[in-house]
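Here's the structure we're looking at; comments come further down.
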Amino acid sequence: MALDLHENEKKWQQYWEKNSIYKFDRKSKKPVYSIDTPPPTVSGTMHMGHAFAFSQQDFIARYKKMRGFNVFHPIGFDNNGLATALMVEKKKKIKSKNFSREEFIKIVLEGTLEEEKKMIAAFKSIGISFDWTLLYRTIDKLARKTAQHSFLDLNRQERLYRKDAPTMWCPNCETAVAQAELEDKEIASTFNNIVFKTEKGKEIIIATTRPELLPACVAVFVHPTDGRYKDLVGKKLKVPLFDLWVPVKEDPRADPEKGTGIVMCCTFGDQTDMEWYYAHNLPLRMAITKDGRLNELGEKYRGQKIVNARKEIIEDLKKEGLLKEQKPIKHDVNVHERCKTEIEILPSKQWFVKYLDLKDEFIVKAEALQWVPPFMKARYDNWINGLQWDWSISRQRHYGVPFPVWYCKKCGEIIIAEEKDLPVDPLKDKPKKKCKCGSNEFIGEKDTLDTWFTSSLTPQINCRWVEDKAFFEKMFPMDLRPQGHDIIALWAFNTVVKALFHQQKLPWKTITINGWALDPKGKKMSKSLGNVVRPEEMIDKYCADALRYWAGLPVLGEDVPFMEKEMVSGRKFVTKLINASRFVIMATKDIKVGKIDKKKLLPEDKAILFDKYEFSKALNPTRNFFWLEFADFYIEEVKSRVYNDKGSSGKVAAAVLHEIAWKTLLLLSPFLSYATEEIAQTQFKSRLKEKSIHLESWPEADTSLIDEEAEKIGDAINKVVAEMRKKKTEARKPLNAPVKKAVVKIEDPKVLKEVEDVIKRTMSVKNLEVKKDKEFSVKIEF
RNA sequence: GGGCCUGUGGUCUAGUGGUAUGACGCUACCUUGACAUGGUAGAGACCGGGAGUUCAAUUCUCCCCAGGCCCACCA
């Protein structure tokens, strides 16, 4: 009778929930093991990547629980971001702009409940052991309060500053953009050879892809060793179309190989322009507005969008004979990852966290963190070494966590909110005191905090930093941060930064970096490629345990192509496990359970692997032991004993079967959490001490019972049986075909002495002769 | 351009200084009393390419090639 795996999984899911199997016990005296789960974006759908990464995390959580830890396994949903705002706007057919920030946050929190429900159901269906009573959202009151508290603390430490700084700016979203929000995009563009003129009227050709920045030109650079332009240095050049003269300067950052080897510097065309601006003390000529148009410096092109202005300027240059050549090129430009608009560099008032001075410390301190796999630390180091700007934390967005900040209308003084009033919304709330200039009128900060400013506080949110001091002291730092390698530079780094600032400690002891679930060809799964496989589909088609099995196969950190056939193997394994256990119970029905162990299961070896986060190395050998050794040989050999021999040897065999099957179940329970629960609850009730197999302790092997002699005997039986099977197969006979006579030649016949019976019964041999010979051989007669 | 990682039978993968593990697939045979979502057996790889170290390299070193991720550059 086949078991309905789906019904079965549902049944146990409900059972776990009803009995709060995964609830964190605040009162327990056991040591805590805590996990800082990545909060997935609320979208209503679970990705294969979620199923993959969370399953792996779950193996660890379940293992730790079995090892006697009080496991703290919380999860949050990320709804503090543009993606969520857009989703809610679309769903409700509203615009966030039409609501106050506070109202819109409320709308988001309520409007995403439906998506949350779907995701919760999905995570539950794969059997992830989250404690759902700990659920938080990255825009909820706790998160806002934590973020604002963090802001206040950084302010106390004089780590915050606000200044008019060249900022990477998205003219489409009209917001500042962080280094990490950039993306490369290859676009087609034109290299324009444009004529600048010397005072004497000599034509100097300068190549540029951005002629619309001519009105922002402040200098022209050549390489110091470039002989071609030596005599120009120090002179001035006339910018075409505009009444503008700029100096020619030397700088090694000008590449003689590129274009004509002479380059114009505009404030600001790119990052090099910015470096020159500082290095050569150049004037600031901003020709671009925040919405991506030319301003009054653009003269007749004023008000034009960047792309249009470029076109018109090129036309006018052509007309005046000032455009010598145009070369179509393809080049990579920085675009905003969300809207793919080219980034501009504009000065604007932004809040920054000062941290560039601590780069070395960030690297050195993180050495105390256990990185799994260890080489991932290099990516973190790389990122920090490449950092050039302080952390810009302002976003010109309506939706998000507000700054707890006002500005005095009269004197411009910055007023920071009081601790006890958090969380505040400066657009709605007012400072409690007058400004020191006596004014009572304030302007609330309209900007919101970079989402990473809040997301970098998940350990503080999980451990209730702003709500429960005693609890926080007990729980912080957390034990484990599992996350993807794509966000080492963002999430991992920012979280370390915050914890070092606030707690002067690392936020966790270990960080594990999981790989990605890819499509079968090794490509990233994405909607546009149409190669997305939904985990729910796979659960429906196979079962959740099969999906978990797949997630348990690869080495942590490896990207894994999703192969449906792995699901088939997973389900077969589940079936095999159930069937073999059923046999064990049948065979051992009326026999008292003994305490005999058998070789090679070695739970402590598996434990070491888990402790090293190498769970796949625990899963595979356990599976192989169970299937290839236990089921294929041991069960077969023991069958005849159990069925035919009701004497003492039968009892021993049955006891061994029972013992091994149970220990195997325990070892597999972190992976196949449903099947093992089913088997334990229905067939091994006598062994089960707790309400669930997932509350049982990790099995201990009684090493004193490992008997080398017995192992030798076991190996000899397996060898002989395998050979006899082969002979029968070669003779095209069924495996249970009776054998009249068999002759086994073996170097040490003594080892088979006691087990000749076993061989005879297993292989239906009537007469068995064992002879001594250096060469091992088996002959059979039918 | 820089950093990190990966490259083992058709596919995925284990592993080691002395030519290699397992799975899936494939072929043949077997309805044996837990399981045909099964069993047994078999074919199939000179471990990306080249050079070096060594008695010996898939395993160590260097170079190259391919793929991935991150960073930088991008007039």
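Chain letters run A, B, ... following the sequence lines, proteins first, then strands; residues in each count from 1.
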Requested in this report: Can you spot which of A:Asp226, A:Ile205, A:Leu232 makes a side-chain contact (heavy atoms from CB on, under 4.5 Å) with A:Ile262?
Outcome: A:Leu232
Can you tell me how far [atom2] of [N] sits from [atom1] of [X], to the nearest Å?
X        : N      : atom1 : atom2 : value
A:Lys727 : B:rG42 : NZ    : P     : 11 Å
A:Trp550 : B:rA23 : CH2   : C1'   : 16 Å
A:Ile578 : B:rA34 : CD1   : P     : 17 Å
A:Ile487 : B:rC71 : CD1   : P     : 13 Å
A:Phe625 : B:rA14 : CZ    : C1'   : 19 Å
A:Glu614 : B:rA14 : CD    : C1'   : 12 Å
A:Asn620 : B:rU13 : CG    : C1'   : 8 Å
A:Trp627 : B:rG22 : CH2   : C1'   : 13 Å

Could you give the distance separating [M] and [N] at their [atom1] atoms, to the nearest angstrom?
N      : M      : atom1 : answer
B:rC29 : B:rC65 : C1'   : 45 Å
B:rC70 : B:rC64 : C1'   : 23 Å
B:rG15 : B:rG25 : C1'   : 23 Å
B:rU61 : B:rU21 : P     : 25 Å
B:rC73 : B:rC12 : C1'   : 38 Å
B:rA34 : B:rU40 : P     : 15 Å
B:rU53 : B:rU58 : C1'   : 16 Å
B:rU37 : B:rG9  : C1'   : 26 Å

Quick one: look up who [N] pairs with, Watson-Crick or G-U, both distances under 3.5 Å, and put none if it's unpaired.
N      : answer
B:rA45 : none
B:rA56 : none
B:rG33 : none
B:rC4  : B:rG68
B:rU40 : B:rA28

Query - Modelled atom types, side-chain donor and acceptor of A:Gln326 and A:Asn192, under 3.5 Å - result: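 Short answer, yes.
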Considering only side-chain heavy atoms of [X], which listed nucleotide, [options], is closest?
X        : options                : answer
A:Asn382 : B:rG3, B:rC71, B:rC69  : B:rG3
A:Arg379 : B:rC69, B:rC5, B:rG38  : B:rC69
A:Met586 : B:rG22, B:rG3, B:rA34  : B:rA34
A:Ala722 : B:rG39, B:rA41, B:rC69 : B:rA41
A:Ser569 : B:rC24, B:rU37, B:rC69 : B:rC24
A:Asn624 : B:rC69, B:rC35, B:rG22 : B:rG22
A:Ala631 : B:rA34, B:rC4, B:rC71  : B:rA34
A:Arg725 : B:rU40, B:rG3, B:rA34  : B:rU40

Categorize [X] for me: base, sugar-phosphate, or nothing, with a 4.0 angstrom heavy-atom threshold over every strand shown.
X        : value
A:Lys617 : sugar-phosphate
A:Phe191 : sugar-phosphate
A:Lys572 : sugar-phosphate
A:Thr208 : sugar-phosphate
A:Ala737 : nothing

Requested in this report: Identify the residue among A:Glu678, A:Gln683, A:Lys685 that makes a side-chain hydrogen bond (donor to acceptor under 3.5 Å, both in side chains) with A:Gln681.
Outcome: A:Lys685
Query raised in the report: Under a 4.5 Å cut-off applied to non-hydrogen side-chain atoms, are A:Leu237 and A:Met264 in contact?
Result: no
Query - Aromatic centroids of A:Phe573 and A:Tyr549 separated by under 6.0 Å - result: yes
Query - A:Phe493 ring center within less than 6.0 Å of A:Tyr355 ring center - result: yes
Requested in this report: Find which nucleotide of RNA chain B each of A:Ala378 and A:Leu553 is nearest to by heavy atoms, and output the residue with the more 5' nucleotide.
Outcome: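 Final value for this comparison: A:Ala378.
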Query raised in the report: Taking the nucleotide of RNA chain B with the closest heavy atom to each, which residue, A:Thr190 or A:His485, is nearer the 5' end?
Result: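 Closer to the 5' end of RNA chain B: A:His485.
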Report task. Ignoring backbone atoms, establish whether A:Lys733 has a side-chain N or O less than 4.0 Å from OP1 or OP2 of B:rU32. Result -> no
Requested in this report: Dump the intermediate steps for ring pair (Phe, Tyr, Trp, His ring centres under 6.0 Å) on A:Phe52 and A:Trp516, then the final yes or no.
Outcome: CA-CA 8 Å; A:Phe52 180 67; A:Trp516 280 354; over 10 Å; no
Requested in this report: Answer yes or no for A:Arg379 and A:Trp371: cation-pi contact, defined as NZ/CZ to six-membered ring centre under 6.0 Å and angle to ring axis within 45°.
Outcome: no
